[in-house]
Participant: 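Here it is: the structure, laid out below.
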Amino acid sequence: MNMIAKLDTDITPGGPDYDTVRRVIELISEEYRDQPSLEAIAARLNQSPTQLQKTFTRWAGLSPKAFLQAVTLDHAKRLLRKEEMPLLETSIEVGLSGPSRLHDLFVTHEAMSPGEWKAKGGGLTIRYGFHSCPFGAALVMVTDRGLAGLAFSDSGDEKACLEDMTCRWPNAEYIDDRQATAPYAERIFQPGRWTSDQPLRVVLIGTDFQVSVWQSLLKIPFGKAVTYSDIARDIGRPTAMRAVGAAVGVNPISFVVPCHRALGKNGALTGYHWGLTRKRAMLGWESAHA
């Protein structure tokens, strides 16, 4: 029997750090040319500079100034600098050079068959739960084959986030089960648990083209970024930049399948399904941990 997931209780996770980070990023994005000081930012948020400094150190392990440098366009351009060989020509499996690889989330993935995708989730049981994470509330969705969905929400928007994801597979059965999803959330958002001997199992549900784009995204190392045209070339469709962008935009497993590391030409951040502020936060957080 098909079942639409509904929320009957308050599932808003606790944890104020990301809310503070989000407000700071939004303020800086709006007033970037003025380069507001730490004191000015803290005053706007009704916090002391010391308090704001502690929040950022706890969240990202670096100062607000260093973090803000990590979300600038210049930093995005540095992420796009080519290695000795094109970035996507060497897959994760054969090992990429550079210290950032030591901090990457190891993933093993499989794709559902075209028939399974056309069934729009028919026959699938998807367990879901909201969990606190460095980027707000994370909606984790799992099947018996692995992680199938990862989405993000600001406080108060959890119902809309859940509806967004369940509409992708309307014929699936959905079960609210935070106990089943908690181990996945812990693995995903705790870098200390990113080990190659216990890779995270992921199942990709999409068209053949979409899956090829998502598989290409999985090759982008932690702390790096590529353009849509890089991805198009990697999948053998060099003129399909728009289609690549569309596939990136509907990626159902955000962060793990790192669509936030896909940038526009010359490092432009372009859009992000879960908000451009969150994309900036992810890139900054990764820079701090790389």
Side-chain angles (χ1 to χ4, degrees), residues 12-81 98-100 102-104 131-138 152-158 161 188-192 220-227 254-255 258-290:
T12 305
D17 284 1
Y18 177 70
D19 184 59
T20 297
V21 170
R22 175 181 59 80
R23 293 167 64 195
V24 171
I25 294 174
E26 289 173 349
L27 186 136
I28 290 297
S29 299
E30 294 170 1
E31 303 180 12
Y32 177 74
R33 292 185 178 179
D34 295 335
Q35 290 290 295
S37 65
L38 174 63
E39 289 73 19
I41 296 171
R44 292 281 293 274
L45 270 61
N46 295 318
Q47 296 186 15
S48 70
T50 301
Q51 183 182 7
L52 187 59
Q53 179 93 6
K54 287 182 178 179
T55 296
F56 265 82
T57 301
R58 181 171 58 241
W59 184 80
L62 77 176
S63 69
K65 181 178 180 180
F67 175 79
L68 294 174
Q69 289 173 344
V71 297
T72 63
L73 179 60
D74 285 344
H75 176 72
K77 288 180 178 179
R78 287 195 297 273
L79 290 178
L80 290 171
R81 287 178 182 167
S100 63
L102 299 176
H103 302 281
D104 218 340
H131 303 270
S132 295
C133 81
F135 315 110
F152 296 94
S153 170
D154 292 326
S155 179
D157 294 333
E158 291 83 5
C161 176
I188 293 165
F189 299 112
Q190 293 182 15
I220 309 172
F222 193 93
K224 301 290 184 180
V226 300
T227 64
S254 296
F255 188 72
C259 51
H260 61 284
R261 298 178 195 163
L263 307 180
K265 188 177 181 180
N266 298 323
L269 292 186
T270 65
Y272 187 62
H273 190 78
W274 306 113
L276 197 54
T277 295
R278 186 168 278 107
K279 183 172 184 174
R280 289 189 173 100
M282 288 178 176
L283 292 171
W285 186 86
E286 290 187 341
S287 295
H289 288 82

Participant: Give the C-alpha distance, both sets of side-chain angles, the deciding distance and a yes or no for side-chain contact (heavy atoms from CB on, under 4.5 Å) between Phe189 and Ser132.
Facilitator: CA-CA 9 Å; Phe189 299 112; Ser132 295; over 6 Å; no
Participant: Using the side chain to side chain donor-acceptor pair (under 3.5 Å) criterion, which residues pair with Gln51? Sequence neighbours excluded.
Facilitator: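 Side chain to side chain donor-acceptor pair (under 3.5 Å) list for Gln51, sorted by chain: empty.
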Participant: What are the two closest non-hydrogen atoms of Cys161 and Ser153, and how far apart are they?
Facilitator: CB-CB, 3.8 Å
Participant: How close do Ala281 and Trp59 get, heavy atom to heavy atom, and via which atoms?
Facilitator: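 Reported closest heavy-atom pair: O-CH2, 3.5 Å.
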Participant: Not counting sequence neighbours, which residues clear salt bridge (charged side-chain N to carboxylate O under 4.0 Å, His left out) with Arg23? List them please.
Facilitator: none
Participant: Under 30°, 30 to 60°, or over 60°: which ring-plane class applies to Phe255 and Phe135, parallel, tilted or perpendicular?
Facilitator: tilted
Participant: What is the minimum heavy-atom distance between Gly223 and Glu286, and which atoms define it?
Facilitator: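 Shortest heavy-atom contact: N-OE1, 4.0 Å.
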Participant: How far does CD of Gln190 sit from SG of Cys133, to the nearest 0.5 angstrom?
Facilitator: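 Reported value, rounded in 0.5 Å steps: 11.5 Å.
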Participant: For the side chain of Arg22 and the backbone of Thr277, is there at least one donor-acceptor N/O pair under 3.5 Å apart?
Facilitator: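 No, Arg22 side chain to Thr277 backbone: no donor-acceptor pair under 3.5 Å.
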Participant: If the condition is salt bridge (charged side-chain N to carboxylate O under 4.0 Å, His left out), which residues does Glu39 pass it with, not counting sequence neighbours?
Facilitator: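 Salt bridge (charged side-chain N to carboxylate O under 4.0 Å, His left out) list for Glu39, sorted by chain: empty.
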Participant: Drop me the distance from Asn46's CG to Leu52's CG, to the nearest 0.5 angstrom.
Facilitator: 11.5 Å
Participant: What distance do Leu263 atom CG and Lys279 atom NZ have between them, rounded to the nearest 0.5 Å?
Facilitator: 5.5 Å
Participant: Run the side-chain contact (heavy atoms from CB on, under 4.5 Å) test on Tyr18 and Asp154 for me, step by step, so that the C-alpha distance in whole Å, both residues' side-chain angles and the decisive distance to 0.1 Å come before the verdict.
Facilitator: CA-CA 9 Å; Tyr18 177 70; Asp154 292 326; 3.7 Å; yes
Participant: With side chains defined as the heavy atoms from C-beta onward, is the minimum distance between Val24 and Thr55 less than 4.5 Å?
Facilitator: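 No; the side chains remain at least 4.5 Å from each other.
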Participant: Is any side-chain heavy atom of His273 closer than 4.5 Å to a side-chain heavy atom of Phe152?
Facilitator: no
Participant: Please report the interatomic distance CD(Glu26) to CZ(Arg280), rounded to the nearest 0.5 Å.
Facilitator: 9.5 Å
